[in-house]
Amino acid sequence: MERPQLYDELLENTNRLDFATIQATAYKLLLNNENILGKYQELFKYMMIDEYQDTNSIQEKIIFLLSKTSNICVVGDDDQSMYRFRGATIKNILGFHEKFDEGVCKEVKLTINYRSEPEIIDIYNEWMADYSEDFFAWNGYRIEKKM
């Protein structure tokens with residue numbers, strides 16, 4: 001028996017869920033139960049998700065399943081994505097607008113940084129403009145921006 005299968009059996013035999021199975025179980029519950037899904041779709045008429053760059057695929061599926069009205073506001077910064085080790089994908093925030101018909105999704109860029117001194121922001125902007133392509137192959141996995 002392979003490790004993933006042993007792990008799944010251990011979870012089931014001990015009546016436990018881990019982070020991934022909690023999400024998968026919630027998604028299946030909503031997907032397979034119209035009454036439960038409908039109840040939560042009525043409850044969540046508007047959604048605001050912060051740190052969207054750190055969401056994973058199943059979380060995005062749950063968000064769009066719950067959103068009957070598509071009144072979804074996401075906030076995030078592709079330069080701050082840090083949870084890839086637990087399945088987060090930068091593709092969610094980079095491709096968010098593609099989930100909607102043209103003209104439906106509005107993007108608002110917040111370009112003023114209130115946390116850092118202007119000198120730090122200037123160094124960042126200069127480095128990203130002059131050197132980042134030498135160190136990273138963004139290949140469309142970063143929103144071009146200047147702070």
Side-chain angles (χ1 to χ4, degrees), residues 2-12 16-34 36-116 118 120-147:
E2 292 188 34
R3 284 188 190 150
Q5 189 177 359
L6 285 171
Y7 180 71
D8 290 343
E9 284 184 17
L10 176 65
L11 288 175
E12 188 172 331
R16 296 182 181 187
L17 298 170
D18 64 7
F19 184 69
T21 54
I22 287 170
Q23 295 172 83
T25 301
Y27 179 68
K28 288 176 190 171
L29 176 73
L30 293 168
L31 197 59
N32 297 322
N33 294 278
E34 266 184 42
I36 294 172
L37 176 61
K39 176 183 175 179
Y40 286 100
Q41 284 176 331
E42 289 302 315
L43 186 63
F44 298 118
K45 293 184 181 183
Y46 303 93
M47 287 191 237
M48 195 284 219
I49 300 103
D50 195 12
E51 304 295 346
Y52 200 70
Q53 76 277 359
D54 291 325
T55 58
N56 62 36
S57 297
I58 194 83
Q59 289 168 333
E60 186 177 66
K61 286 180 180 181
I62 291 170
I63 290 163
F64 278 93
L65 187 60
L66 287 172
S67 177
K68 189 166 115 178
T69 61
S70 295
N71 286 322
I72 306 171
C73 172
V74 300
V75 179
D77 183 346
D78 57 311
D79 283 343
Q80 293 185 23
S81 180
M82 63 176 90
Y83 289 104
R84 186 170 181 206
F85 70 91
R86 59 151 212 195
T89 175
I90 196 70
K91 291 179 183 180
N92 287 353
I93 195 166
L94 295 178
F96 182 77
H97 65 282
E98 296 168 3
K99 305 277 188 208
F100 301 90
D101 292 334
E102 180 134 1
V104 173
C105 183
K106 182 177 180 182
E107 181 179 338
V108 178
K109 293 185 180 186
L110 306 175
T111 58
I112 299 173
N113 183 315
Y114 295 99
R115 294 183 190 172
S116 302
I120 293 172
I121 300 301
D122 291 343
I123 290 169
Y124 165 82
N125 284 330
E126 184 179 315
W127 187 84
M128 289 302 287
D130 296 340
Y131 302 106
S132 72
E133 287 298 323
D134 294 338
F135 298 103
F136 303 104
W138 297 115
N139 297 330
Y141 290 107
R142 180 174 185 275
I143 297 169
E144 199 57 43
K145 64 179 133 319
K146 182 174 180 174
M147 300 303 289

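Nothing fancy with the numbering, it's 1 onward along the sequence. Computed over heavy atoms, backbone and side chain alike; hydrogens, waters and symmetry mates excluded.
With hydrogens and angles ignored, the 3.5 Å screen pairs no side-chain donor or acceptor of Thr25 with any backbone N or O of Ile22. The backbone N or O of Ile121 sits nowhere less than 3.5 Å from a side-chain atom of Ser116 that would complete a donor-acceptor pair. In this structure, the side chain of Gln41 engages the main chain of Leu65 through a donor-acceptor pair within 3.5 Å. Checked by atom type and distance alone, the side chain of Arg84 never pairs as donor or acceptor with a backbone atom of Ile90 at under 3.5 Å. Put simply, the side chain of Ser67 never gets that close to the backbone of Ile63: no donor and acceptor are under 3.5 Å apart.
Leu37 contributes atom CG, which lies 10.0 Å from atom OH of Tyr27 (distance to the nearest 0.5 angstrom). Taken to the nearest 0.5 Å, the CD atom of Glu51 stands 9.0 Å off from the CD1 atom of Ile93. How far CG of Asp18 is from CG of Leu10: 10.0 Å, rounded to the nearest 0.5 Å. The distance from atom CG of Leu66 to atom NZ of Lys68, rounded to the nearest 0.5 Å, is 12.0 Å. The CG atom of Leu30 sits 7.5 Å away from atom CD1 of Ile36, with the distance rounded to the nearest 0.5 Å. Taken to the nearest 0.5 Å, the CD1 atom of Ile62 stands 10.0 Å off from the CG atom of Leu31.
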Under the side-chain contact (heavy atoms from CB on, under 4.5 Å) rule, what do Asn92 and Gln59 come out as? Steps first, then yes or no, please. CA-CA 10 Å; Asn92 287 353; Gln59 289 168 333; 6.0 Å; no
Could you walk me through whether Phe96 and Thr55 pass side-chain contact (heavy atoms from CB on, under 4.5 Å), step by step? CA-CA 11 Å; Phe96 182 77; Thr55 58; over 6 Å; no
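Enclosure of atom CZ in Arg16 is not indicated, since only 12 or fewer non-hydrogen atoms of other residues, nucleotides or ligands lie within 6.0 angstrom. No more than 12 heavy atoms of other residues, nucleotides or ligands shown are found within 6.0 angstrom of OH on Tyr46. Heavy-atom contacts from other residues, nucleotides or ligands closer than 6.0 Å to OH of Tyr40 number 12 or fewer. Around OH of Tyr83, the count of heavy atoms belonging to other residues, nucleotides or ligands within 6.0 Å does not exceed 12.
For the pair Ile72 and Phe64, the tightest heavy-atom approach, listed with the atom from each and the gap, is CD1-CE2, 3.8 Å. What you find for Asn56 and Arg86 is that their closest heavy atoms are ND2-O, 4.2 Å. Nearest approach of Asp54 to Ser81, heavy atoms of both residues: OD1-CA, 3.4 Å.
Scanning for side chain to side chain contact (heavy atoms under 4.5 Å, CB included) contacts around Gln80 gives Gln53, Asp77, with sequence neighbours left out.
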